[in-house]
Amino acid sequence: MNTHLIRGARILGGEPADVRIADGTVAEIGTGLAADGAHVIEADGQVLLPGLVDLHTHLREPGREDSETVLTGTRAAAAGGYTAVHAMANTFPVADTAGVVEQVWRLGKESGYCDVQPVGAVTIGLEGKQLAELGAMHDSAASVRVFSDDGKCVDDAVIMRRALEYVKAFDGVIAQHAQEPRLTEGAQMNEGVVSAELGLGGWPAVAEEAIIARDVLLAAHVGSRLHVCHLSTAGSVEIVRWAKSKGWNVTAEVTPHHLLLTDELVRSYDPVYKVNPPLRTEADVRALREALADGTIDCVATDHAPHPHEDKDCEWGAAAMGMIGLETALSVVQHTMVDTGLLDWAGVADRMSFRPAAIGRLAGHGRPISVGEPANLTLVDPSYRGAVDSARFASRSRNTPYQGRELPGRVTHTFLRGRATVMDGKLV
């Protein structure tokens, strides 16, 4: 059914209204709208948001289909309220050519659950030595605008400068995984009191902050766009805040897990908490929440990093870094930002849809909920409370740090250009 009438939805958390969806667009907004043959959804005060946009998703295909595929990853995205995701380049083979990014883009088209925008690698093979085919990837059918070696840092300043200069020609953006490699050799967790007590190799905050400081200066010098991936420390917040005060074209993202979890959890030695960048301190968490609230941090990005069971169900030192997040992101943001009074639902729409779509230059997403706009929409029940059960996830992997934890909010419906991908909390 292509025509839907959502009754009594609170658009961006405002007063209840009816919204009619027809022919892939928002056709009518008002009160007391007649059904006229449309499929009626009784929202009963649920919050209607623009479809969520993720700037940082690992779909693993091609090459690591044991962890995730474009199909399973986009099903997970739809279940979490997303209508578009940016697929990171650290696949096998690496997405460093027009051919590979077009393959990922076409797989996204075939999946049908959300739009997939490939992210191109900055350097060939993510090796940090030679620029990849940035222009060819941009000119391909995938129209790549975001480039990142995520998983690795572009630590060579000359290569980083050249990349920033190159993408400026077509309004691209370099998304940097800020990690000074020499300062993090053998690192297993955040460097601090807990790492000292546990005897685990520390990942110091300065390893992130030093790269961000260098790169905001490079971006200013070149006059290009820089995006900071998964910012995680209070010091990083201050550097980005300073760069923005200068008017430089710098944006930043924070993950849901860095808004909630701290390095104290590593005391359990449960590898589900092993992630890059690592979980930081309570003071860092407070700083990240405040920065997301005041706009210093532009958006929430999941860094959804699926791994097969055997890569996580092992001793800490041998475990892979990363955790999944598409299906829990909105709940974590509600818990840490909305229920704490730091953001309202309009703010959530801004940080999880409008801004990430703008940073990625993603047409048709992150649009206002207005008549004539594409019907990329998410309906969420904020009154829901329930324990996270990974057995019910659409993702192929189960490495969630929230298993058994009670979180608020539930996505009940997701629409991609007017077509339901999630209906009554279930994938269509």
Looking at every non-hydrogen atom in both residues, tell me the closest pair between [X] and [Y] and how far apart they are.
X	Y	result
I359	V173	O-CG1, 4.1 Å
R145	G360	CB-O, 4.0 Å
C229	M88	SG-CE, 4.3 Å
V237	T296	O-CG2, 3.8 Å
C299	H227	SG-CE1, 4.2 Å
V158	D156	N-OD1, 2.8 Å

Counterpart residues, side chain to side chain contact (heavy atoms under 4.5 Å, CB included), relative to [X] (two or more places apart):
X	answer
A293	M337, L342
P256	V300, A329, V332, Y402
D270	S268, V272, Y273
E65	E61, P62, T69, R396

Okay, side chain of R419, backbone of G112: is any donor-acceptor separation there less than 3.5 Å?
yes
inquiry  = Using modelled atom types and a 3.5 Å cut-off, is there a donor and acceptor pairing between side-chain atoms of K312 and backbone atoms of M323?
reply    =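 Answer holds: no.
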Requested in this report: For salt bridge (Lys or Arg N to Asp or Glu O under 4.0 Å), just list the numbers for D115 and R417, CA-CA rounded to whole Å, side-chain angles, deciding distance to a tenth of an Å, and then say yes or no.
Outcome: CA-CA 10 Å; D115 287 346; R417 287 181 289 278; 2.7 Å; yes
Would you mind listing every side-chain hydrogen bond (donor to acceptor under 3.5 Å, both in side chains) that reaches into [range], with sequence neighbours excluded?
range	answer
residues 283-293	T281-D284
residues 192-209	E197-R267, E208-S232, E208-S236, E209-T233
residues 74-89	T74-S111, R75-Y113, T83-H365

Partners of D66 by salt bridge (charged side-chain N to carboxylate O under 4.0 Å, His left out), sequence neighbours excluded?
->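 Scan of D66 (salt bridge (charged side-chain N to carboxylate O under 4.0 Å, His left out), adjacent residues dropped) gives R64.
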Sorted by chain and residue number, the salt bridge (charged side-chain N to carboxylate O under 4.0 Å, His left out) partners of R392 (sequence neighbours excluded) come out as none
Quick one: are [X] and [Y] in side-chain contact, heavy atoms under 4.5 Å?
X	Y	result
L107	L71	no
H413	I6	no
D350	R355	yes
F393	L326	no
Q179	I211	no
V47	L49	yes
R410	S331	no
F415	I41	yes

To the nearest 0.5 Å, how far apart are [atom1] in [X] and [atom2] in [Y]?
X	Y	atom1	atom2	value
W345	Q334	CH2	CD	4.0 Å
L288	H230	CG	NE2	13.0 Å
I159	Y166	CD1	OH	13.5 Å
I369	L12	CD1	CG	5.0 Å
I324	S397	CD1	OG	6.5 Å
T336	H257	OG1	NE2	12.5 Å

| task | Dump the intermediate steps for side chain to side chain donor-acceptor pair (under 3.5 Å) on T412 and D381, then the final yes or no. | result | CA-CA 7 Å; T412 61; D381 178 5; over 6 Å; no
* Asked: Strictly under 6.0 Å, is that where the ring centroids of H58 and H56 end up?
  ->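 When the ring centroids of H58 and H56 are compared, they turn out to be within the sub-6.0 Å range.
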Taken in chain and number order and not counting sequence neighbours, the residues that satisfy ring pair (Phe, Tyr, Trp, His ring centres under 6.0 Å) with W248 are W242
Residue set satisfying ring pair (Phe, Tyr, Trp, His ring centres under 6.0 Å) with H138, at least two apart, ordered chain then number -> F170
* To do: Please determine, by modelled atom types, if H304 and E68 share a side-chain donor-acceptor pair under 3.5 angstrom.
  => yes
For this session: With side-chain contact (heavy atoms from CB on, under 4.5 Å) as the test, would you mind laying out the steps for V167 and R225 before giving the verdict?
Result: CA-CA 8 Å; V167 301; R225 290 203 296 140; over 6 Å; no
Report task. Go through the steps for N190 and R280 under the test side chain to side chain donor-acceptor pair (under 3.5 Å), then give the verdict. Result -> CA-CA 6 Å; N190 178 56; R280 303 291 190 179; 2.8 Å; yes
Scan the side chains in residues 118-127 for donor-acceptor partners under 3.5 Å anywhere in the protein, sequence neighbours excluded, and list what turns up.
residue: T123; atom: OG1; partner: E127; partner atom: N; Å: 3.4
residue: T123; atom: OG1; partner: G128; partner atom: N; Å: 2.8
residue: T123; atom: OG1; partner: D149; partner atom: OD2; Å: 2.6

* Answer yes when D311 and R60 have at least one side-chain N-carboxylate O distance shorter than 4.0 Å, and no when they do not. => no
Note to self: For a side chain to side chain donor-acceptor pair (under 3.5 Å) check, start with the C-alpha distance between H307 and S67, then their side-chain angles and the critical distance, and finish with the verdict.
What the structure shows: CA-CA 5 Å; H307 292 292; S67 302; 5.0 Å; no
Give the C-alpha distance, both sets of side-chain angles, the deciding distance and a yes or no for salt bridge (Lys or Arg N to Asp or Glu O under 4.0 Å) between D298 and K244. CA-CA 11 Å; D298 297 83; K244 288 191 169 193; 2.7 Å; yes
Please determine whether salt bridge (Lys or Arg N to Asp or Glu O under 4.0 Å) holds for the pair E165 and R162, giving the CA-CA distance in whole Å, both sets of side-chain angles, and the decisive distance to 0.1 Å. CA-CA 5 Å; E165 288 172 335; R162 287 174 180 164; over 6 Å; no
Q.
Using the rule given for side chain to side chain donor-acceptor pair (under 3.5 Å), can you reason through T262 versus E282, listing the C-alpha separation, both sets of side-chain angles and the distance that settles it, and then say yes or no?
A. CA-CA 6 Å; T262 73; E282 185 64 39; 4.9 Å; no
R106/E110 under salt bridge (Lys or Arg N to Asp or Glu O under 4.0 Å): CA gap, chis, key distance, verdict: CA-CA 6 Å; R106 289 194 175 94; E110 292 168 6; over 6 Å; no
Determine whether T328 and H335 satisfy the following criterion, side-chain contact (heavy atoms from CB on, under 4.5 Å), listing intermediate values before the conclusion.
CA-CA 11 Å; T328 51; H335 177 62; over 6 Å; no
